[in-house]
Each structure stands twice: as structure tokens, then as C-alpha cells.
Amino acid sequence: MTLVLTDLVATSTALARTSSRLEKRSLIAALLGTAGDDVALAVDYLTASPRQRRTGVSYRTLGSLPEPAPVTSLTLRQVDAAFDALAAVQGSGAVAARAAIVGDLFGRASADEQAFLRALLIGELRQGALDGVVVDAVAHASGCPLAVVRRAAMLTGSVSRTAAVALGGGTSALEQITLTVGVGVLPMLAGSAPSIAAAVTQVGDGASVWVDCKVDGIRAQIHKDDNVVRIFSRTLDDWTDRLPEVADAVRRLPVDVAIIDGEVIARDVSGRPLPFQETGSRVARQGAGAVSLMLFDLLHLDGRDLIDEPHATRIGELARIAGPLVVDHVVTADAGVAERFFETVVAAGFEGVVVKRVDAPYAAGRRGSDWVKVKPVRTADLVVLGVEWGSGRRRGTLSNIHLGARDAETGEYVMVGKTFKGMTDEMLAWQTARFLELERDREGHVVWVQPAQVVEIAFDGVQRSRRYPGGVALRFARVLRYRDDKTPQEADTIDGLRSMLAEPDSRDLQDV
DNA sequence: GTCCCGCGGGGAC
DNA sequence: CTCGGACACATTCGG
DNA sequence: CCGAATGTGTCCGAGGTCCCCGCGGGAC
């Protein structure tokens, strides 16, 4: 039994049409019931994650498409084969080669199929169903308990493989899936809280909480099986080759078999974290520039699975085998103590803190309330310089605003970033009217406005920028509120933002 | 013919 | 990465 | 006492910043 693209596209279209999760679930379940051997492929496409992580094809390449075919018989496997071919293309002439494959594939697709494939390749499926809904649907289609399906998905790191096992072998087959050294596990994620006090009461509810120093690096899940070490990124890509020194460090640990969770980060000789940009750069450059490893969890140790053990137990074992690499922490029920720890680690250059329930298991793949992060928040009053028309459910509203800081010398405003975050529907409606009033010019989907409206922006920090003229950009900017009590002349200055940049000390920029 | 730069794709946060 | 909206389910409120 | 309102857990999608690499085309 094989699945035809048309059927998948029909359910995708139906998914987009309804907002009911239950209905989405039954639509997907019905499709999976007919998918036969193509369950995994169907799930990969429905969750907008084709096997081929990189096809080299996106928005730009798909600008001009051939005429849709009036009749089609495209199968999922044929699509998969075309994606394989795309992924294999490299070297001189690659652009033309990809265009040829795309032209052939799309020429065999109907209009609806073209739209679907295009959305899939661009990564903008927007049918209101991804991993969460699909996992639910897999449980329904297979008759397996949702909790069992979820757990299998977390342990295999793959919804599609889980789906194939569930539909093929049912609950008993799913239950045979266990934590396996060498197979990436979905990493446990943290929710967030606005303050230490909130986090401590939310997580601890009166009891003691575990407070970890939060490292602003790149997540790494490390599997050690004697001398064989594999390192997985947060999305479970294999990054072993680009982190040789990390692999060596783990090889030297006094354990045979382990799965460790931690963060990779570039630091100066004193151990102080370097800006995230530096660690990102070093990691991407295949091990150019040393990075160090900071650990905060242990999922498996020498034949013993620890994911269901309490956090405190796991960390106890971790400290035993890798003490010096474990991140700083305190255990307390006192929000004041946690607060002081937070201040200390932030002063030392770390990102903040993660508050953890002491007895929480390792609940992979879920952004639960067992781990809650808190980071310091910066704030600035900036001027709106332009706005962009929104897309998707923000179509028809002026959404993404361009932010400017005041240049005290010239009196002009220099752009330091954009944001679309923090706006309620009400604010969206207000700002589209407001910025249309202030409109000065248009260019594509951006509306340039007179620099008259001040907005209070929250952000995590500033970073060095090559794109923006002031040389700085905001990280994670979001709107707090519009300020009608301030004139643009009272907005915060670009110099003020620049002063928040960590001063690079060239002596310190050494490998550790 | 080579080098460099711009741009697109893809991945971190 | 952040945030708001929406849905599903649990709990509490009000006639 | 039961239906309606309110609260909670989760998911999704709106798009941000940076980085690197590879390809292609223009400058020299």
C-alpha cells in the first residue's frame, strides 16, 4: 500500500480549514490508517520535517514554477526521491541542477500539490498541526495510549519512526523502545518566568527547588559508549565532527557508558562566558576556537537508565563522574537565596538561572513546568521608523515594527532591530491605524512612517551587528507598551544601547 | 583566470 | 529564541 | 444540581537576531 500525494494534500487542506484540534486529530488519524508502508513519510510531511534536512531549495528557488499538471499520480515516494536528488546536488552548476529537479517535480504536480510542496520546502506549512497534534493522532490511529506514544517519540527523537512502530506493532512494540545509547533523545526544555520569586513558587510550591546557573551556549546531548562518542544538537543533528575537543573531554570521563546533557560555550581564560555570537561562530566553524562543556543532567549511566529518577538523584551521579564540569547551583526554598544566586551568576556573565523541581524526572521534549528559566530583562523607549504588513493570521494588519534609537549628536534615529512580539490583537488593530496615519512612504511590504511614535521595548541584551548602521542590534526584542507620554526626542539613545555591549577584552579572547 | 562579495539556505539562540 | 491566541480539559460559580 | 464561566496545560505560528557555508557573477 502506498500513499498518493493528492490524499496527503487533501488532508493538509482540511487541517488548515478547521481550528478544532480534535478534528485535526481525526483527519490525520484517518489518513494514517490508509498510509500503509508510507506512514513515516506521511508523518514527516505532515509535521513539516522531510527526511532530507537540506534540499537547498527555498523561497527564492520556488519563485517561478511550471504550469500545474491537470492530472497527477505523484506518490510520496516519488516526492521523497526528488528530495533525495535535491539533497545530493552540489558543486558548480548546483543552482541550475536544483531548478531542473524542482521543475520536473512541480511539473508533475497539480495546483494544490504545488502549493503544498512549496509550503513544505519553504517550511511554512501552517496547517495548525505539527508534532503535538500528530502524536495525538498517531495514538488515535493506532489505538495505543497517548502516554506510550509520547514516550516512544521522546526516546527515538522521531515522531515518524514512532508512528510506523505504533501502526505496525501496536502498544507492545512501542513499549519495547527504550533509551538507547547512540540514539538522540528529545531534550527536556524549560518554561519561563518573569522573576525568581515567581519561578520559585511556581516550581517549588513551598518546597526546596534546584537552581542551576543558565549557560548561554549551545545545547549538546552527548552519548558515550566506551571510546565512541556522539554529540547531538538540540534538534538531534549529529555534531560530533564539529566538536572534537568536547568529544575528547567526554572520552576522558571515568565512565564507560553514559548519556549526558549540557551546554557548549566559549569562555575566556578566566572562565567567563564570551558573547553567544562567539560560541555560535566557533561551533559552526567545525571546531575552530575552543569551546568548553558545562553539564546539567545525566540520562544514563553504565547500563542504568536515569530518566525516570528524580532530578537530585541524576545530578548526584553526574557530580560523581564529572564534578568539575557541572554548572553551579544552589538548592533552596528561600526566594531570597535564589535571588542572590541569580545576581551572582549574572554578574559573572551567565545568562540567568533555571529553577528545577528537585524530584522531577527527565521529561524530554516537553516545555513543562518542572524547569523554569529566568533571565534579566532590559528595557528601552524606542521610536518606530517603519512597519511591515503581516502575513498568515496577521494579514491585513501592520505587524512587524522597525525600531530606532535616538542619535544625540545628529538628532536622527538609527535602526537597531525589529519586533512583532508582545502585541495583542487589540494593539495590532490600534497600531495599523496609527501607523497608517503616520505613513510617509511605501516600499514593498514595508510602510515607512514619520518618527513620532515611542514604544517601550523589552529585550535580553544587545549584540554586535553588521547589518544595522549603529553597529548594535537587540536580542529577543518584544513590545511592552506604546508610550504616548513620551516624544521621540525623549527616546533612549544609541550610545546608551552601545554601552550595554560587553567590552571585548582582546587579552581574554583566547582558547581555553 | 582568480578573487571577492552578495545573496540564499540552513541552523543556533 | 518570545509572545499571544486558541483549543481541550478541569474546576468553580451562579441560578 | 447542572450548565456556564473561569482557570490551566499545551500547541501553534507570527517572525526576530546572529552565524557559517556554498554558489554565481562582477571586478581586476
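Note on naming: letters A, B, ... go to the chains in the order of the sequence lines (proteins, then strands), and numbering restarts at 1 for each one.
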> Which nucleotide of DNA chain B is the first, and which the last, in the 5' to 3' direction, to come under 4.0 Å of a heavy atom belonging to chain A?
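Here the contact window of chain A covers B:dG8 to B:dC13.
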
> Atom CG of A:L146 and atom P of D:dT10: how far apart are they, to the nearest Å?
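From A:L146 CG to D:dT10 P: 11 Å.
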
> Separation of A:L428 atom CG from C:dG5 atom P, in whole Å?
9 Å

> Are A:S399 and D:dA14 close enough that a side-chain N or O sits under 4.0 Å from OP1 or OP2?
no

> Looking across every strand, which nucleic acid part, if any, lies under 4.0 Å from A:G123 by heavy atom: base, sugar-phosphate, or nothing?
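Nothing, no nucleic acid heavy atom in range.
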
> Under the side chain to side chain contact (heavy atoms under 4.5 Å, CB included) test, which residues partner A:D495, sequence neighbours left out?
A:T493, A:R498

> Enumerate the residues from residues 466-482 of chain A whose closest heavy atom to DNA chain C is under 4.0 Å, giving them by residue number; use none for an empty result.
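Contacts with DNA chain C under 4.0 Å: A:F476, A:R478.
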
> Could you tell me which residues satisfy ring-ring contact (aromatic ring centres under 6.0 Å, His included) with A:H140, sequence neighbours excluded, listed by chain and number?
none

> Between the two ends of the helix from B:dG1-D:dC28 to B:dC13-D:dG16, what is the bend in degrees, rounded to 10 degrees, where each end axis spans five pairs?
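Between the first-five-pair axis and the last-five-pair axis there is 10°.
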
> So for atom CZ, which belongs to A:R481, do other residues, nucleotides or ligands contribute more than 12 heavy atoms lying within a distance under 6.0 Å?
yes

> Under 4.0 Å from any atom of DNA chain C, heavy atoms only: list the residues of residues 20-27 of chain A that qualify, in numerical order.
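Heavy-atom cutoff 4.0 Å gives A:S20, A:R21, A:L22.
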
> Calculate the interatomic distance between A:Q127 atom CD and C:dC7 atom P; express it in whole Å.
16 Å

> Between A:T47 and A:S49, does the side chain to side chain donor-acceptor pair (under 3.5 Å) criterion hold? Intermediate values first, please.
CA-CA 6 Å; A:T47 55; A:S49 45; 2.9 Å; yes

> If the condition is side chain to side chain contact (heavy atoms under 4.5 Å, CB included), which residues does A:V446 pass it with, not counting sequence neighbours?
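Testing A:V446 for side chain to side chain contact (heavy atoms under 4.5 Å, CB included), a comparison that skips the adjacent residues, returns A:E388, A:H402, A:W448.
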
> How long is the straight-line distance from CG of A:L274 back to OG1 of A:T279, given to the nearest 0.5 Å?
8.5 Å

> Using the rule given for salt bridge (Lys or Arg N to Asp or Glu O under 4.0 Å), can you reason through A:D370 versus A:K356, listing the C-alpha separation, both sets of side-chain angles and the distance that settles it, and then say yes or no?
CA-CA 6 Å; A:D370 285 345; A:K356 301 179 174 179; over 6 Å; no

> What contact category does A:R393 fall into here, base, sugar-phosphate, or nothing, at under 4.0 angstrom with non-hydrogen atoms?
base

> Listed by chain and number, what are the side-chain hydrogen bond (donor to acceptor under 3.5 Å, both in side chains) partners of A:R442, not counting sequence neighbours?
A:E439

> Under 3.5 Å, is there a donor-acceptor pair linking the side chains of A:T156 and A:T162?
yes

> Could you tell me whether A:T279 contacts a base, only the sugar-phosphate backbone, or nothing, with contacts defined as non-hydrogen atoms closer than 4.0 Å?
nothing

> Report which part of the nucleic acid A:E124 touches: base, sugar-phosphate, or nothing (heavy-atom distance under 4.0 Å, all strands).
nothing

> Just the rounded figure in Å: distance from P of C:dT2 to CG of A:D460.
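Interatomic distance, CG of A:D460 to P of C:dT2: 6 Å.
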
> Starting at CG of A:D136 and ending at C1' of C:dC7, how long is that distance when rounded to a whole Å?
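Computing the A:D136:CG to C:dC7:C1' distance gives 12 Å.
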
> Tell me, with the steps shown, if A:R230 and A:D238 meet salt bridge (Lys or Arg N to Asp or Glu O under 4.0 Å).
CA-CA 7 Å; A:R230 293 185 72 190; A:D238 192 327; 2.8 Å; yes

> Looking at every strand, decide which applies to A:G56 at a 4.0 Å heavy-atom threshold: base, sugar-phosphate, or nothing.
sugar-phosphate

> Measure up the A:Y482 and A:W430 rings against each other and bin them: parallel (under 30°), tilted (30 to 60°), perpendicular (over 60°).
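Tilted, since the angle between the ring planes falls between 30° and 60°.
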
> Base, sugar-phosphate or nothing for A:T419? Non-hydrogen atoms, less than 4.0 Å.
nothing

> Heavy atoms from C-beta onward define the side chain here; which of D:dT17, D:dG24, C:dC3 lies closest to that of A:K421?
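Minimum distance to the A:K421 side chain belongs to C:dC3.
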
> Of the listed nucleotides (C:dC7, D:dT10, D:dC18), which one gets closest to any side-chain atom of A:Q277?
D:dC18

> Going by side chain to side chain contact (heavy atoms under 4.5 Å, CB included), name the residues that satisfy it together with A:D237, two or more places apart in sequence or in a different chain.
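For A:D237 the side chain to side chain contact (heavy atoms under 4.5 Å, CB included) partners, ignoring immediate neighbours, are A:R53, A:S233, A:T235, A:W239.
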
> Indicate yes or no: does A:D84 engage A:R51 in a salt bridge with an N to O separation below 4.0 Å.
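Yes, this pair counts.
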
> What is the nucleic acid contact for A:A458, judged by heavy atoms within less than 4.0 Å: base, sugar-phosphate only, or nothing?
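The answer is nothing, as A:A458 stays clear of every strand by at least 4.0 Å.
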
> Under 3.5 Å, which protein N or O atoms sit close to an N or O of nucleotides 4-8 of chain D? Give each pair with its distance.
none

> Counting only pairs under 3.5 Å, give me each side-chain donor-acceptor contact of residues 466-473 of chain A, with atom names and distances, residues two or more places apart or in other chains.
none

> For A:S281 and A:Q277, indicate whether the former's side chain and the latter's backbone hold a donor-acceptor pair under 3.5 Å.
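No; judged by distance alone, with no hydrogens or angles, the pair does not exist.
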
> Output all residues satisfying side chain to side chain contact (heavy atoms under 4.5 Å, CB included) with A:R54, sequence neighbours left out; order by chain, then residue number.
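Checked A:R54 against side chain to side chain contact (heavy atoms under 4.5 Å, CB included); zero matches.
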
> Could you say whether A:T424 or A:K214 is positioned toward the 5' end of DNA chain C, judged by the nucleotide with the nearest heavy atom to each?
A:K214

> Quick one: A:R53 CZ to D:dC21 C1', roughly how many Å, whole number?
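Spelled out: CZ on A:R53 to C1' on D:dC21 is 16 Å.
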
> Could you give the NZ-to-C1' distance, from A:K418 to C:dT2, as a whole number of Å?
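One finds 17 Å between C1' of C:dT2 and NZ of A:K418, rounded.
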
> Any side-chain donor paired with an acceptor under 3.5 Å for A:D308 and A:Y362?
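No pair is found: no donor N or O on one side chain lies under 3.5 Å from an acceptor on the other.
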
> Measure the distance from CD on A:E388 to C1' on D:dG16 and round it to the nearest whole Å.
10 Å

> Nearest to the side chain of A:N400, heavy atoms from C-beta on, is which of D:dG16, D:dT17, D:dC11?
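Closest of the options to the side chain of A:N400: D:dG16.
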
> Could you tell me if A:S160 and A:D44 have a donor-acceptor pair between their side chains, going purely by distance under 3.5 Å?
yes

